[in-house]
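Worth saying up front: this structure is predicted, and the values here are computed from it rather than measured. Both ligands and their constituent atoms are indexed starting at 1 by order of listing.
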Amino acid sequence: MTASITPAIPSGDLLRPGARVFVAGHRGLVGSAITRRLRADGYEVLTRTRAELDLREAPATAAFLDRERPDAVVLAAAKVGGIMANSTCPVQFLEDNLRIQLSVIAGSHAAGVDRLLFLGSSCIYPKLAPQPIREDSLLTGPLEPTNSAYAIAKIAGIEQVQSYRRQYGASYISAMPTNLYGPGDNFDLATSHVLPALIRRFHEAKLRDPEGGGEVVLWGTGTPRREFLHVDDLAAACELLLRTFDGDGPVNIGCGEDLTISELAATVRDVTGYTGRIAYDAGKPDGTPRKLLDVSRMTSLGWQPKIALRDGIASVYAAWQAEEEREQARN
Ligand SMILES: NC(=O)C1=CN([C@@H]2O[C@H](COP(=O)(O)OP(=O)(O)OC[C@H]3O[C@@H](n4cnc5c(N)ncnc54)[C@H](OP(=O)(O)O)[C@@H]3O)[C@@H](O)[C@H]2O)C=CC1
Ligand SMILES: C[C@H]1O[C@H](OP(=O)(O)OP(=O)(O)OC[C@H]2O[C@@H](n3cnc4c(=O)[nH]c(N)nc43)[C@H](O)[C@@H]2O)[C@@H](O)[C@@H](O)C1=O
């Protein structure tokens, strides 16, 4: 009698465990989560720090890819930041990202890399796109001005991936994640995204003022709506795409629910235990009013997010406090 065996790998897998994957940007929020996930699932992950290989440098990047010839490349290296960094440094957000994409995508093709996953962002869609935002909203209207330089670089990356698909039949794909958060995020208030900024602002206000008599001032009006996905959920989605997806156009990745910045602030305030007031500085930009992704394309592949927002915020807060304590002990 033959035992019935459920294969660990679904048939038709495009990238099997054991494959060598170069994760560009492995020390970042997204790249580190994808690296953890791929290693846990038996992939060999190849990495280079920025000091070892500046991915804006096309000849060095091409030489590295040609020497290593990985089975797949995940492009999670980018110039990334929150609304203020995007507004004040559009040149770097445009040029660094264009250069990194040109080096890595063209270099991968030249080295004969079979699979590539490019990471864009939900900011590629028009500012006033119908909600939830479907992938076919791309290039149907004007962009949000606070991050148009970054968005245009990312749109160029999508087009580059599509062009390699069309002209060379390359199995290259693009994913568009919503706003992300997780361990190892950037907590610098000048350049960070909103979620780590709120954790830091409320935590520091609680330390300054344990009785809660003070006030934390947040940017904008508190009315914009955002969708937040934990990077570990994103990493699971990226692995699934690498293994099973070879279609045209971007694939949205989000949790399917959004909330206002003031609702997010109330949740983060509760998690940190801060009891003071929250005020808003309407002189600071709100950015796009709403960007909730339609994630039906991704969920149809069998992926679902698992980490509830409040639980995710609590775990990120605990990890950040532990890291701050380690940092203080070192100094
Ligand atoms: N964070 C978010 O909310 C979202 C992110 N994304 C996308 O995910 C991807 C990764 O973002 P995220 O992880 O948040 O960003 P991070 O800033 O956390 O990480 C970016 C990584 O890229 C590396 N990098 C940047 N420039 C270079 C360079 N010239 N050469 C080599 N390495 C470089 C950085 O290296 P170093 O550590 O040395 O600086 C870092 O490891 C981006 O494409 C972004 O668009 C999409 C939607 C939302
Ligand atoms: C991922 C995505 O991220 C960026 O777009 P964003 O979503 O607008 O960015 P954000 O996270 O910085 O802000 C979200 C909202 O939150 C409000 N807000 C309040 N108080 C703080 C605050 O203290 N810091 C920050 N950063 N925002 C604050 C802020 O005013 C805004 O209304 C782009 O980089 C874009 O390119 C991109 O891809």
Side-chain angles (χ1 to χ4, degrees), residues 23-35 47-57 60-61 74-87 90 92-93 95-97 99-101 103-104 117-125 127 143-144 146-151 153-154 157 174-182 184-202 216-229 231 234 238 252-254 260-262 264-265 268 278 280-291 293:
V23 177
H26 72 288
R27 295 210 285 204
L29 174 69
V30 169
S32 59
I34 293 176
T35 298
T47 60
R48 285 294 182 277
T49 63
R50 185 203 294 244
E52 292 164 339
L53 177 62
D54 185 335
L55 295 167
R56 292 172 300 185
E57 302 301 332
T61 304
V74 176
L75 180 39
K79 172 80 179 163
V80 175
I83 193 165
M84 206 57 83
N86 268 271
S87 313
Q92 284 70 33
F93 279 83
E95 293 185 357
D96 283 11
N97 287 317
R99 288 176 64 188
I100 290 170
Q101 291 158 199
S103 300
V104 175
L117 171 63
F118 168 64
L119 285 150
S121 160
S122 58
C123 71
I124 57 156
Y125 294 114
K127 176 180 176 121
L143 297 165
E144 155 60 32
T146 53
N147 55 36
S148 55
Y150 176 73
K154 291 289 181 183
S174 300
M176 296 305 119
T178 190
N179 289 43
L180 301 168
Y181 71 99
D185 209 340
N186 169 16
F187 283 80
D188 176 340
L189 292 176
T191 58
S192 77
H193 290 102
V194 62
L195 204 151
L198 296 193
I199 290 178
R200 174 171 222 136
R201 288 188 194 284
F202 289 129
V216 165
V217 181
L218 303 181
W219 296 348
T221 60
T223 57
R225 301 184 71 87
R226 293 289 184 274
E227 177 190 16
F228 295 93
L229 183 72
V231 273
L234 174 80
C238 290
N252 290 341
I253 310 179
T260 63
I261 295 301
S262 58
L264 175 74
V268 178
I278 300 175
Y280 287 92
D281 174 0
K284 296 283 195 309
D286 265 344
T288 199
R290 191 178 187 199
K291 45 177 174 178
L293 293 178

Test side-chain contact (heavy atoms from CB on, under 4.5 Å) on V30 and V231 and set out the steps. CA-CA 6 Å; V30 169; V231 273; 4.2 Å; yes
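- Under the side-chain hydrogen bond (donor to acceptor under 3.5 Å, both in side chains) criterion, R201 pairs with no residue, sequence neighbours left out.
- For K284, the heavy-atom gap to ligand 2 stays at 4.0 angstrom or more.
- In this structure, V74 and C238 have side chains that are not in contact, with every pair of non-hydrogen atoms separated by 4.5 Å or more.
- Residues satisfying the side-chain hydrogen bond (donor to acceptor under 3.5 Å, both in side chains) test with Q101, not counting sequence neighbours, are none.
- Distances from atom 29 (C) of ligand 2 to the heavy atoms of P224, P285, G220, G287 show the closest one on P285.
- The protein non-hydrogen atom at the shortest distance from atom 35 (C) of ligand 2 is N147 ND2, 3.2 Å.
- Contact shell of ligand 1 (protein heavy atoms, cutoff 4.0 Å): G25, R27, G28, L29, V30, R50, L53, D54, L55, R56, A76, A77, A78, V80, I100, L119, G120, S121, Y150, K154, P177, T178, N179, L180, H193.
- Which of R226, K291, H193 comes nearest to atom 5 (O) of ligand 2 through a heavy atom is settled by distance: it is K291.
- The part of I261 lying near ligand 2 is the side chain, judged by heavy-atom distances below 4.0 Å.
- Using a 4.5 Å heavy-atom cutoff, the side chains of T146 and M84 are not in contact.
- Closest heavy-atom approach to atom 11 (O) of ligand 2 within the set V217, V194, T178: this belongs to V194.
- Under 3.5 Å, the side chains of E227 and T178 contain a donor-acceptor pair of N or O atoms.
- Counting only heavy atoms from C-beta outward, the side chains of M176 and I124 approach each other to under 4.5 Å.
- Under a 4.0 angstrom heavy-atom cut-off, E144 registers as lying outside contact with ligand 2.
- Of all the heavy atoms of W219, the ones lying under 4.0 Å from any atom of ligand 2 are found in both the backbone and the side chain.
- Summarising the contacts of atom 26 (N) of ligand 2 with C123, S192, A151, P196, the nearest heavy atom is found in S192.
- Contact between R201 and ligand 2 is present, with at least one heavy atom of the residue lying under 4.0 Å from the ligand.
- With sequence neighbours left out, the ring pair (Phe, Tyr, Trp, His ring centres under 6.0 Å) criterion links F187 to W320.
- Between L198 and ligand 2, no pair of N/O atoms sits closer than 3.5 Å.
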